[in-house]
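Down below is the structure, laid out as structure tokens.
Counting begins at 1 with the first residue of the sequence.
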Amino acid sequence: AMERRNIALATQSDVARLLDANMAEAVELSDQLRESPLARQQATQVLDNEDEPRRRRVRASLIVAEHDSDAAHLLAQFACDGPVDDVTDLATRAGELFPSLADKAAATWRDQSAPRGTLIRAACMVANDPRHVESLRGDAQAEQVVRLVVAENPVWINRYSKAFRPISRE
């Protein structure tokens with residue numbers, strides 16, 4: 001009984017840390033917590049609470065996104081319009097941890113009808129997913145990525161560069 005209580009307290013502490021972490025750390029923590037039924041339960045409670053700030057709900061969705069369509073939708077929405085630093089941190093692991101998120105980003109990139117900010121965020125996701133990266137290769141696609149990056153706020157260009165590292169040498 002004492003061991004279960006200690007495990008529950010440790011999981012609760014880890015979930016609380018994830019909810020307040022920067023995105024890079026939250027992605028790493030979510031990878032460790034995804035298999036814990038208690039962590040999934042706690043994440044679902046946060047996700048279902050509309051009074052929770054979006055930032056915390058997004059981080060909770062990292063734990064349950066592959067099994068909860070509402071969480072997957074919130075995460076996909078965030079990937080399209082979230083802060084640049086968070087999106088690039090998420091992008092570097094999206095294909096590996098969240099295949100459905102990477103698939104949605106690839107569809108957004110192929111469609112090309114979304115606003116510029118959404119397209120560049122989608123391209124970040126696609127650049128880091130081996131299953132979809134080919135859709136960024138080629139002269140026309142590379143020119144489109146460059147146009148999107150150049151049109152962004154200059155402060156963000158360095159931030160985006162991390163997400164485009166997999167294709168930067170091409």
When you compare the side chain of [Y] with that of [X], does any pair of heavy atoms fall below 4.5 Å?
X      : Y      : answer
Asp86  : Arg59  : yes
Arg57  : Asp48  : no
Val46  : Gln42  : no
Leu148 : Glu152 : no
Glu25  : Arg17  : yes
Arg56  : Asp20  : yes
Met125 : Lys104 : no
Arg55  : Leu19  : no

Salt-bridge present (Lys162, Asp85; N to O < 4.0 Å)
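Judged by the 4.0 Å cut-off on N to carboxylate O distance, Lys162 and Asp85 do not form a salt bridge.
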Evaluate the ring planes of Tyr160 and Trp156, with Trp represented by its six-membered ring, and classify them as parallel (under 30°), tilted (30 to 60°) or perpendicular (over 60°).
perpendicular
Would you give the length of the straight line joining atom [atom1] of [X] to atom [atom2] of [Y], rounded to the nearest 0.5 angstrom?
X      : Y      : atom1 : atom2 : result
Asp129 : Leu101 : CG    : CG    : 9.5 Å
Arg4   : Met2   : CZ    : CE    : 12.0 Å
Thr108 : Asp103 : OG1   : CG    : 11.0 Å
Asp89  : Cys124 : CG    : SG    : 10.5 Å
Thr44  : Asn49  : OG1   : CG    : 12.5 Å

Same cluster or not: [X] versus [Y], using hydrophobic residues (I, L, V, M, F, W, Y) connected whenever any side-chain heavy atoms lie under 4.5 Å apart?
X      : Y      : result
Phe164 : Val146 : no
Ile167 : Val126 : yes
Val149 : Val155 : yes

If you count the non-hydrogen atoms of other residues, nucleotides and ligands that lie under 6.0 Å from CG in Asn153, is the total more than 12?
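Yes.
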Decide if atom CD of Glu3 counts as having more than 12 heavy atoms of other residues, nucleotides or ligands within a radius under 6.0 Å.
no
List the atom of [X], the atom of [Y], and the distance in Å for their closest heavy-atom pair.
X      : Y      : answer
Arg116 : Ala151 : CD-CB, 3.5 Å
Ala127 : Ala163 : CB-O, 3.7 Å
Arg137 : Glu134 : NH1-OE2, 2.6 Å
Ser36  : Thr11  : OG-CG2, 3.8 Å
Pro166 : Asn128 : CG-OD1, 3.3 Å
Val84  : Arg159 : CG1-CB, 3.8 Å

Trace of the side chain to side chain contact (heavy atoms under 4.5 Å, CB included) decision for His132 with Trp109:
CA-CA 10 Å; His132 297 294; Trp109 176 254; over 6 Å; no
Which is it for Leu33 and Arg40 under the side chain to side chain contact (heavy atoms under 4.5 Å, CB included) test, yes or no, and what are the steps along the way?
CA-CA 8 Å; Leu33 294 170; Arg40 288 195 307 270; over 6 Å; no
Applying the side-chain contact (heavy atoms from CB on, under 4.5 Å) test to Leu29, which of Leu18, Ile63, Leu62, Val15 qualifies?
Leu18
Does the side chain of Arg34 come under 3.5 Å of the side chain of Ser30 through a donor N or O and an acceptor N or O?
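Looking only at side-chain atoms, Ser30 and Arg34 do form a donor-acceptor pair, the distance falling under 3.5 Å.
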For a quick test of your reading: what N or O donor-acceptor pairs under 3.5 Å do the side chains of residues 66-80 make, sequence neighbours left out?
| unit_1 | atom_1 | unit_2 | atom_2 | d |
| --- | --- | --- | --- | --- |
| Glu66 | OE2 | Ser100 | OG | 3.3 |
| Asp68 | OD1 | Asp70 | N | 2.8 |
| Asp68 | OD1 | Ala71 | N | 2.9 |

Polar side-chain atom of Arg121 near backbone of Gly82 as donor-acceptor pair, under 3.5 Å
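Yes; at least one donor-acceptor contact below 3.5 Å.
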